[in-house]
Amino acid sequence: MPTQTLSFHPRNHSSSHGEVSSSNPISTHIDTAVALFDLPFNELLFQAHTMHRAHFDPNQIQLSTLLSIKTGGCPEDCGYCPQAARYHTDVEKQALLPLNEVIAAASAAKARGATRFCMGAAWRGPKQKDLEPVLDMVRAIRGLGLETCATLGMLKEGQAEQLKEAGLDYYNHNLDTAPEFYGEVITTRDYQDRLDTLGRVRQAGMHVCCGGIVGMGESRRQRAGLLVQLANMNPPPESVPINNLVQVEGTPLYGTPALDPLEFVRTIAVARILMPSSYVRLSAGRRELGDGIQALCFFAGANSIFYGDKLLTTDNPDATEDQALMARLGLSATHVDAPPTNEHTSCTPHAHACTAN
Ligand code: SAM
Ligand code: DTB
Ligand code: SF4
């Protein structure tokens with residue numbers, strides 16, 4: 001007999017894209033999420049893995065590669081970020097990369113087995129003169145047959161449509177943490193600014209990549225609060241990056257007591273239960289987690305990673321280490337149908353288990 005019987009029955013998440021609503025009629029209450037976190041570890045992992053198997057092939061992992069296309073010198077004050085101009089870190093400023101360098105990095109990522117290429121820029125948000133060269137990058141990367149993702153900061157009216165028109169499949173913009181903890185970490189943009197950008201992305205018909213960071217000193221209830229915010233988006237994000245804080249000397253959050261790695265696994269498990277159809281990505285901080293904890297995360301429902309030796313400015317496990325870990329665990333890379341290169345597409349990339357391997 002199980003000692004705890006709490007189980008979670010998610011709603012149907014098949015709402016259409018373009019629908020932006022904060023008044024989701026069937027919303028998850030924070031107490032439900034906290035109760036999941038509080039379950040005995042084995043009970044929680046069993047529920048999460050059962051949910052995972054019902055929605056995904058548990059032996060397939062989606063691989064995204066990141067590239068910082070504009071580095072450092074950011075005017076924002078995100079307390080975790082080595083790219084904020086106001087903190088003294090070792091990050092060197094780098095202007096927007098030329099198109100040929102971005103194409104070379106994307107081609108190399110594809111050759112290593114990545115299916116999605118994500119470009120990050122240390123901007124508060126892009127100006128129109130910034131956006132135009134990024135649109136060229138999106139077109140070129142899509143032309144290579146990769147899915148495209150970008151994280152450029154806050155978007156103004158009309159910018160999401162331009163990105164969509166150029167062929168951007170996903171826009172990454174994180175809520176980062178629960179509303180109640182947010183002000184401890186960032187003061188130069190508020191929670192509603194983030195929700196507004198996410199609404200623009202959805203309205204333009206792009207897929208939403210939205211997650212957050214744990215290990216910033218938040219409470220368990222606040223970790224649950226972040227996941228509830230994500231799960232109650234209507235529809236929930238297709239891609240949910242869960243970052244474990246990478247502590248960078250010079251940032252305000254450097255020296256924060258590290259999160260218990262088993263609490264990180266619990267966070268992944270609750271994310272999987274609350275967002276059964278979303279890809280849950282093990283994001284920053286994988287080097288510190290080690291192989292055993294990552295294996296538990298994959299069991300708990302993580303089915304995507306950032307793949308490649310570098311995140312934006314910090315180190316990630318080497319691609320060869322990830323290949324070895326995946327081989328030890330019998331995991332294979334999710335295959336994605338090459339997106340059409342037509343700029344006026346309304347294509348939805350379909351990831352599925354690769355039958356060729
Ligand atoms: N500048 C844009 C913005 O913030 O909207 C896009 C790039 S920003 C680096 C993307 C995300 O990376 C942040 O929202 C945060 O969740 C994550 N991130 C940044 N620094 C991190 C760190 N030191 N550890 C973990 N995650 C981090
Ligand atoms: C996300 O959630 N994590 C990635 C991506 N989206 C852009 C970024 C992680 C950055 C980690 C710190 C760095 O390398 O600068
Ligand atoms: Fe700037 Fe983004 Fe870093 Fe915040 S997370 S300081 S917006 S680069």
Side-chain angles (χ1 to χ4, degrees), residues 64-87 89-94 96 116-126 130 134 149-155 159 170-177 181-182 185-191 193-198 200-201 208-218 226 230 237 239-256 258-259 264 267 271 279-289 302 304-317:
S64 290
T65 291
L66 271 173
L67 176 69
S68 181
I69 57 169
K70 185 270 169 186
T71 307
C74 182
E76 302 294 277
D77 72 348
C78 311
Y80 47 76
C81 186
Q83 301 198 68
R86 66 190 72 201
Y87 309 137
T89 67
D90 288 341
V91 169
E92 281 182 30
K93 270 177 74 171
Q94 163 80 65
L96 190 67
R116 191 176 308 158
F117 193 71
C118 180
M119 297 179 285
W123 288 319
R124 173 173 164 81
D130 299 324
V134 176
C149 177
T151 180
L152 314 172
M154 293 186 284
L155 297 180
Q159 293 187 320
Y170 289 79
Y171 194 81
N172 168 243
H173 198 63
N174 290 340
L175 289 179
D176 277 350
T177 191
F181 190 65
Y182 185 88
V185 181
I186 301 149
T187 68
T188 49
R189 66 176 67 168
D190 60 29
Y191 219 74
D193 291 327
R194 290 180 184 261
L195 293 169
D196 290 349
T197 288
L198 292 164
R200 290 185 177 123
V201 171
V208 170
C209 174
C210 181
I213 313 178
V214 296
M216 298 196 294
E218 74 286 342
L226 165 67
L230 296 168
S239 168
V240 179
I242 305 292
N243 297 276
N244 195 17
L245 175 68
V246 177
Q247 301 207 10
V248 181
E249 202 165 348
T251 59
L253 289 182
Y254 182 71
T256 304
L259 188 69
F264 186 83
T267 308
Y279 279 80
V280 175
R281 179 174 306 123
L282 282 191
S283 302
R286 283 199 300 120
R287 272 170 80 102
E288 291 71 24
L289 293 178
S304 172
I305 57 172
F306 282 124
Y307 172 68
D309 307 351
K310 213 161 189 182
L311 290 159
L312 293 174
T313 66
T314 64
D315 291 338
N316 200 37

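Computed from heavy atoms alone, side chains included, the values below leave out hydrogens, waters and symmetry copies. What you are looking at is a predicted structure, and each value in this text was computed from that prediction instead of being measured. In listed order, ligands and their atoms are each counted from 1.
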* To do: Specify side chain, backbone, both or neither for Arg189, according to which of its non-hydrogen atoms lie closer than 4.0 Å to ligand 3.
  => side chain
* Asked: For ligand 1, does Cys74 get within less than 4.0 Å through its side chain, its backbone, both, or neither, judged by non-hydrogen atoms?
  -> neither
* Salt-bridge criterion met for Lys70 and Asp130 (N-O under 4.0 Å) -> no
* Structure fact -> Shortest non-hydrogen pair, Phe264 vs Val214, comes out as CD1-CG2, 3.5 Å
* Structure fact -> Ranked by distance from atom 10 (C) of ligand 2, the top protein heavy atom is Leu312 CD1, 4.1 Å
* Do the side-chain N and O atoms of Thr188 and Arg124 include a donor-acceptor pair separated by under 3.5 angstrom? -> no
* Of the protein's non-hydrogen atoms, which lies at the shortest distance from atom 12 (C) of ligand 2, and what is that distance? -> Thr314 OG1, 3.6 Å
* Going through the distances and angles, do Met216 and Thr177 end up as a side-chain contact (heavy atoms from CB on, under 4.5 Å)? -> CA-CA 9 Å; Met216 298 196 294; Thr177 191; 3.8 Å; yes
* Enumerated ligand 1 atoms positioned under 4.0 Å from heavy atoms of Leu312 -> 9 (C)
* Structure fact -> Taking every heavy atom of Asp315 against every heavy atom of Arg287, the minimum-distance pair comes out as O-CD, 3.5 Å
* Identify the heavy atoms of Cys78 and Ile186 that sit nearest to each other, and give their distance. => CA-CG1, 3.7 Å
* To do: Can you pull out the closest protein heavy atom to atom 10 (C) of ligand 1? Residue, atom name and distance to 0.1 Å, please.
  => Thr151 OG1, 4.1 Å
* For ligand 1, which part of Thr314 has a heavy atom less than 4.0 Å away: the side chain, the backbone, both, or neither? -> neither
* Is there a side-chain contact between Phe117 and Thr65, using heavy atoms and a 4.5 Å cut-off? -> yes
* How far is atom 21 (C) of ligand 1 from its nearest protein heavy atom, and which residue and atom name does that atom have? -> Tyr80 CD1, 3.7 Å
* **Identity of the nearest option to atom 3 (C) of ligand 1, non-hydrogen atoms only, from Gln83, Lys70, Met216, Arg189** => Arg189
* Asked: Can you name the nearest heavy-atom pair linking Ala284 to Asn243, along with the distance?
  -> N-OD1, 3.0 Å
* To do: Work out whether the distance between some heavy atom of Met119 and some atom of ligand 1 is less than 4.0 Å.
  => no
* Going from CG on Leu282 to CG on Leu289, what distance comes out if it is rounded to the nearest 0.5 angstrom? -> 7.0 Å
* Distance from atom 1 (N) of ligand 1 to nearest protein heavy atom, with residue and atom -> Ala121 O, 3.2 Å
* Judged by non-hydrogen atoms, does Gly285 sit under 4.0 Å from ligand 1? -> no
* Closest approach of any protein heavy atom to atom 17 (C) of ligand 1, naming residue and atom -> Ile213 CD1, 4.2 Å
* To do: Say whether Asn172, considering both its backbone and side-chain N or O atoms, lies within less than 3.5 Å of an N or O atom on ligand 1.
  => no
* Asked: Can you list the atoms of ligand 3 that are under 4.0 Å from a heavy atom of Glu76?
  -> 1 (Fe), 4 (Fe), 6 (S), 7 (S)
* To do: Compute the shortest N/O to N/O distance between Asn244 and ligand 1 and return yes if it is under 3.5 Å, no if not.
  => no
* Asked: Nearest protein heavy atom to atom 12 (O) of ligand 1, by residue and atom, and its distance?
  -> Asn174 ND2, 4.5 Å
* Numbered atoms of ligand 2 (with element) below 4.0 Å of Pro241, judged on heavy atoms -> 2 (O)
* Test item: protein heavy atom less than 4.0 Å from atom 2 (Fe) of ligand 3 -> no
* **Contact check: Cys74 to atom 3 (Fe) of ligand 3, N/O/S below 2.8 Å** => no
* Asked: What is the closest protein heavy atom to atom 6 (N) of ligand 2, and at what distance does it sit?
  -> Asn172 OD1, 3.1 Å
* For Gln247 and Thr256, which heavy atoms make the closest approach, and how far apart are they? -> NE2-O, 2.6 Å
* Asked: Has Val246 got any heavy atom lying under 4.0 angstrom from an atom of ligand 2?
  -> no
* Asked: Any nitrogen or oxygen of Arg194, main chain or side chain, under 3.5 Å from a nitrogen or oxygen of ligand 1?
  -> no
* To do: Identify, by atom number and element, the atoms of ligand 3 in contact range of Ala122, meaning under 4.0 Å from any of its heavy atoms.
  => 8 (S)
* To do: Measure Thr251 to ligand 1 on non-hydrogen atoms and call it side chain, backbone, both or neither using the 4.0 Å cut-off.
  => neither
* To do: Consider only side-chain N and O atoms of Tyr191 and Asp176, and report whether a donor and an acceptor are under 3.5 Å apart.
  => no
* Considering heavy atoms of the protein only, find what lies nearest to atom 3 (N) of ligand 2 and give residue, atom and distance to 0.1 Å. => Asn243 OD1, 2.9 Å
* Report the nearest protein non-hydrogen atom to atom 14 (O) of ligand 1: residue, atom name, distance rounded to 0.1 Å. => Asp176 OD1, 3.1 Å
* Asked: Considering only heavy atoms from C-beta outward, does the side chain of Trp123 approach that of Leu96 to under 4.5 Å?
  -> yes
* Heavy-atom side-chain contact between Thr71 and Leu312 under 4.5 Å -> no
* Classify the contact between His173 and ligand 1 as side chain, backbone, both or neither, using a heavy-atom distance cut-off of under 4.0 Å. => side chain
* Asked: Is there a side-chain contact between Glu76 and Arg189, using heavy atoms and a 4.5 Å cut-off?
  -> yes
* Asked: Quick one: does Leu175's side chain get under 4.5 Å of Leu230's, heavy atoms only?
  -> yes
* Asked: So, Cys78 and atom 4 (Fe) of ligand 3: N/O/S under 2.8 Å, yes or no?
  -> yes
* Numbering the atoms of ligand 2 from 1, which are under 4.0 Å from a heavy atom of Leu311? -> 14 (O)
* **Part of Thr151 within contact of ligand 2 (heavy atoms, under 4.0 Å)** => side chain
* **Residue among Ser64, Ser304, Cys118, Pro241 satisfying side-chain contact (heavy atoms from CB on, under 4.5 Å) with Cys209** => Pro241
* Asked: Looking at atom 8 (S) of ligand 1, would you say a protein heavy atom lies below 4.0 Å from it?
  -> no
* **Nearest-0.5 Å distance, OG1 of residue Thr197 to CG of residue Asn174** => 12.0 Å
* Asked: Does Arg286 make a cation-pi contact with Phe306 (under 6.0 Å, within 45 degrees of the axis)?
  -> no
* Structure fact -> For Pro126 and Met154, the nearest pair of non-hydrogen atoms, with its separation, is CD-O, 3.3 Å
* **Under 3.5 Å side-chain donor-acceptor pair for Tyr171 and Arg200** => no
* Taking N or O atoms only and a 3.5 Å limit, does Val246 qualify as a polar contact for ligand 1? -> yes
* Asked: Is there a side-chain contact between Val280 and Ile242 (heavy atoms, below 4.5 Å)?
  -> yes
* To do: Indicate yes or no: does an N/O atom of Leu245 lie under 3.5 Å from an N/O atom of ligand 1?
  => no
* Asked: Does Phe306 come within less than 4.0 Å of ligand 2, judged by its heavy atoms?
  -> yes
* **Distance filter under 4.0 Å to Asn174 heavy atoms, resulting ligand 2 atoms** => 1 (C), 2 (O)
* Any Gly153 heavy atom less than 4.0 Å to ligand 1 -> yes
* For ligand 2, does Leu66 get within less than 4.0 Å through its side chain, its backbone, both, or neither, judged by non-hydrogen atoms? -> side chain
* Which atoms from ligand 3 have a heavy atom of Tyr80 less than 4.0 Å away? -> 5 (S)
* **Protein contact of atom 15 (O) of ligand 2 - nearest heavy atom, named by residue and atom, plus distance** => Thr313 OG1, 2.6 Å
